[in-house]
Amino acid sequence: MEECISVFDMLKIGVGPSSSHTLGPWRAAERFLGELRNENLMLDIDRIQIDLYGSLSLTGKGHATDLAVMLGLSGQDPEYIPIENIDSIIKSIKSKNEINLGNEKIIPFHTTQDIVFNKNFLTYHANGLTFTAYRNDKTSYVSTFYSIGGGFVIKEERDNAKTKTKIKCAFPYPIDKAAELLEYCKKENKSISEIVLENEKSMRTEAEIDHELMRIWNTMLECMYIGCHSEGILPGGLNVRRRAFDMHQNLIGLANYDSPQTWLEEIRKTEVKFRQILKWVSCFALAVNEVNAALGRVVTAPTNGSAGVIPAVLMYYLVIENHQAGPKEIKQFLMVAGEIGSIFKKGSTISAAMGGCQAEIGVSSAMAAASLCELMGGTPEQVLMAAEIAMEHHLGLTCDPIGGLVQIPCIERNTMGAIKAINATELALETDPKNAKVPLDKVVDTMWQTAKDMNNKYKETSEGGLAIAVNMADC
């Protein structure tokens, strides 16, 4: 039975640097607070311990997993917390050795004792974490969560229950595979974005859909704007210098603007040659992921580590391809992206801890390629072909972050994913779908098989590849 995944499940607003290692654990902490409240336990709690397992433990420090669970337990929301408040909240917890649990009760909290990094893996998923709340009567309440990528969090028993009951999807066009999506398009004579819109309307009004899609885009635009106007060294110890600032200065020159939107308009006036296009697209992607690496606000698309691809390609369309484009095209782009991402999530994975970087940059590139292809006039068949081409050439991509930080090679990989998405679109637009040899569903299946065959040291553990070839000391 098909799973209903909304565009707003695939595109979430949150805080960097990682959707699976930061946003997911943060949401898990929030859910744990909800469980304590439902059990009427909040007033009885005098200590909480968090055990991080597998990939959450191995790269948790670099991905700020420890900070995320502290912020979550403090009752902060990653979508709305003022970014400038994060540092002071963490410093207060560490200096006072106490945490304001859900903004309801202050309890002792020692970060070195109460957050435990366990290198062993839980059997259900590579990203596991267990919360244990100790009560005054010395009994405890224990709950285990799994961060499965893209900010999605599940519990094993609930996931199994879903499988057994086979909850029916409420979408008018339930989609599990790309072939089903294409069949709906043909039968209803609709584009992919139109099919997606009908599904979304089963849950929200059209006004709500429009508002939320534009809120997502405005967050992306602001993120690019901030990244292009921020210089310095990224935190974490690798001493990575921000590059978007200098690249942007060289490209924009002496243009005058005072907001993200007027900035976009000024970019439309700049010189457009092949090299400039490459630089602009790369600059947009770099900007987003530098903000992400600095614990800034980004849109998970479908993950934080790959958050730069989709905004970079959409910005490319707006400032290079179609200067008349506006909200209509933006919403169309995001709806297609969300649907393609959901097909990969259902048929494979969007978690680097499960599938390597092919699950993040590969999927984001496929999402962006499909979206751009529809905006450029591609048929549904060509749109799916664009996604297939983009993913096909990311198969086997490993996740090997140096120092466990979402910086090297992660930031540059977003530029590669964005450029590949544009290239995949052009190839698809120049190809008769009747001559295509590889359907998207076959690539999704192949990606999942590749993920299962991949050695664990290349799955966001920092135990292989560049992560061991380059030491922190080398940087």
Side-chain angles (χ1 to χ4, degrees), residues 17-36 41-42 44-76 78 86 89-102 105-136 138-148 153-157 236-237 295 351-354 401 403-406 456-457 459-463 467 472:
S18 170
S19 52
S20 59
H21 288 59
T22 316
L23 181 58
W26 193 326
R27 291 300 189 195
E30 289 181 307
R31 285 179 55 178
F32 182 65
L33 286 180
E35 291 183 4
L36 294 180
L41 296 175
M42 286 290 283
D44 297 332
I45 302 301
D46 57 13
R47 180 182 169 232
I48 284 184
Q49 177 175 306
I50 307 99
D51 285 271
L52 306 176
Y53 295 95
S55 182
L56 290 184
S57 171
L58 292 166
T59 62
K61 287 285 186 182
H63 288 71
T65 307
D66 50 345
L67 309 187
V69 293
M70 285 189 273
L71 291 164
L73 290 174
S74 299
Q76 303 297 324
I86 291 177
I89 294 171
I90 296 299
K91 282 183 177 178
S92 176
I93 294 171
K94 290 182 175 180
S95 64
K96 295 179 180 179
N97 289 320
E98 62 184 29
I99 192 167
N100 190 350
L101 195 62
K105 181 182 182 182
I106 295 175
I107 63 172
F109 192 86
H110 300 267
T111 57
T112 55
Q113 300 171 22
D114 295 328
I115 301 179
V116 182
F117 292 82
N118 303 279
K119 291 187 177 181
N120 56 303
F121 286 70
L122 299 181
T123 55
Y124 186 71
H125 193 278
N127 290 334
L129 67 164
T130 297
F131 295 86
T132 305
Y134 296 93
R135 289 181 280 188
N136 301 329
K138 305 307 177 187
T139 59
S140 61
Y141 178 84
V142 181
S143 193
T144 297
F145 299 86
Y146 298 90
S147 179
I148 61 173
V153 177
I154 62 172
K155 302 192 74 170
E156 183 176 1
E157 58 270 24
L295 274 77
S351 166
M354 291 295 287
L405 296 162
V406 192
N456 276 340
K457 67 183 180 181
K459 295 181 181 180
E460 209 169 1
T461 60
S462 287
E463 295 181 324
M472 292 284 283

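Closest of all the heavy-atom pairs between Gly62 and Pro17 is O-CG, 4.2 Å. Shown here for Gly128 and Leu122, the closest heavy-atom pair between the two residues is CA-CD1, 4.1 Å. Nearest heavy-atom pair, Ala28 versus Val153, reported as atom, atom and distance to 0.1 Å: CB-CG1, 4.0 Å.
Using a 4.5 Å heavy-atom cutoff, the side chains of Leu23 and Ser18 are not in contact. A heavy-atom distance below 4.5 Å is found between the side chains of Leu73 and Ile48. Between Phe32 and Ile50, every side-chain heavy-atom pair lies at or beyond the 4.5 Å cut-off. Residues Leu101 and Met42 are in side-chain contact: their nearest non-hydrogen atoms beyond the backbone lie under 4.5 Å apart. A 4.5 Å side-chain heavy-atom check between Phe131 and Phe145 finds at least one atom pair inside the cut-off.
With sequence neighbours excluded, the residues that form a side-chain contact (heavy atoms from CB on, under 4.5 Å) with Ser74 are Gln76, Ile89, Ile93, Ile99. Tyr53 is linked by a ring pair (Phe, Tyr, Trp, His ring centres under 6.0 Å) to nothing, counting only residues two or more places apart in sequence or in another chain. With sequence neighbours excluded, the residues that form a side-chain contact (heavy atoms from CB on, under 4.5 Å) with Glu30 are Trp26, Arg27, Asp77, Pro78. Every side-chain contact (heavy atoms from CB on, under 4.5 Å) that Thr132 has, sequence neighbours left out, goes to Thr130, Tyr134, Ser140, Val142.
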Kindly indicate, with the supporting measurements, whether the criterion side chain to side chain contact (heavy atoms under 4.5 Å, CB included) is fulfilled by Ile86 and Leu71. CA-CA 8 Å; Ile86 291 177; Leu71 291 164; 3.9 Å; yes

Run Asn127 and Tyr146 through side chain to side chain contact (heavy atoms under 4.5 Å, CB included) and show every step you take. CA-CA 6 Å; Asn127 290 334; Tyr146 298 90; 5.9 Å; no

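The stretch residues 56-67 participates, sequence neighbours left out, in these salt bridge (Lys or Arg N to Asp or Glu O under 4.0 Å) pairs: Lys61-Asp66.
Judged purely by atom type and a 3.5 angstrom limit, Thr22 has no side-chain atom pairing as donor or acceptor with the backbone of Ser19. Using a distance-only test at 3.5 Å, with no hydrogens or angles considered, a donor-acceptor pair links the side chain of Ser147 to the main chain of Ser20. A donor-acceptor contact shorter than 3.5 Å is absent between the side chain of Thr65 and the backbone of Leu52. Checked by atom type and distance alone, the side chain of Lys459 pairs as donor or acceptor with a backbone atom of Met354 at under 3.5 Å. Using modelled atom types, one side-chain atom of His63 and one backbone atom of Gly404 make a donor-acceptor pair closer than 3.5 Å.
Side-chain contact check for Glu460 and Thr59: no donor-acceptor pair (N or O, by modelled atom type) lies under 3.5 Å. No hydrogens or angles considered: nothing links the side chains of Lys155 and Thr144 as a donor-acceptor pair under 3.5 Å.
A distance of 6.5 Å separates CZ of Arg135 from CD1 of Ile45, quoted to the nearest 0.5 Å. Taking CD1 of Ile154 as the reference point, atom CD1 of Ile148 lies at 4.5 Å (rounded to 0.5 Å). Atoms OG and CG, on Ser57 and Asp51 in that order, are 9.5 Å from each other to the nearest 0.5 Å.
Salt bridge Lys119/Glu463: absent, no basic N to carboxylate O contact under 4.0 Å.
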For a quick test of your reading: what N or O donor-acceptor pairs under 3.5 Å do the side chains of residues 107-117 make, sequence neighbours left out?
unit_1 : atom_1 : unit_2 : atom_2 : d
Asp114 : OD1    : Arg47  : NE     : 3.0
Asp114 : OD1    : Arg47  : NH2    : 3.2
Asp114 : OD2    : His110 : N      : 2.8

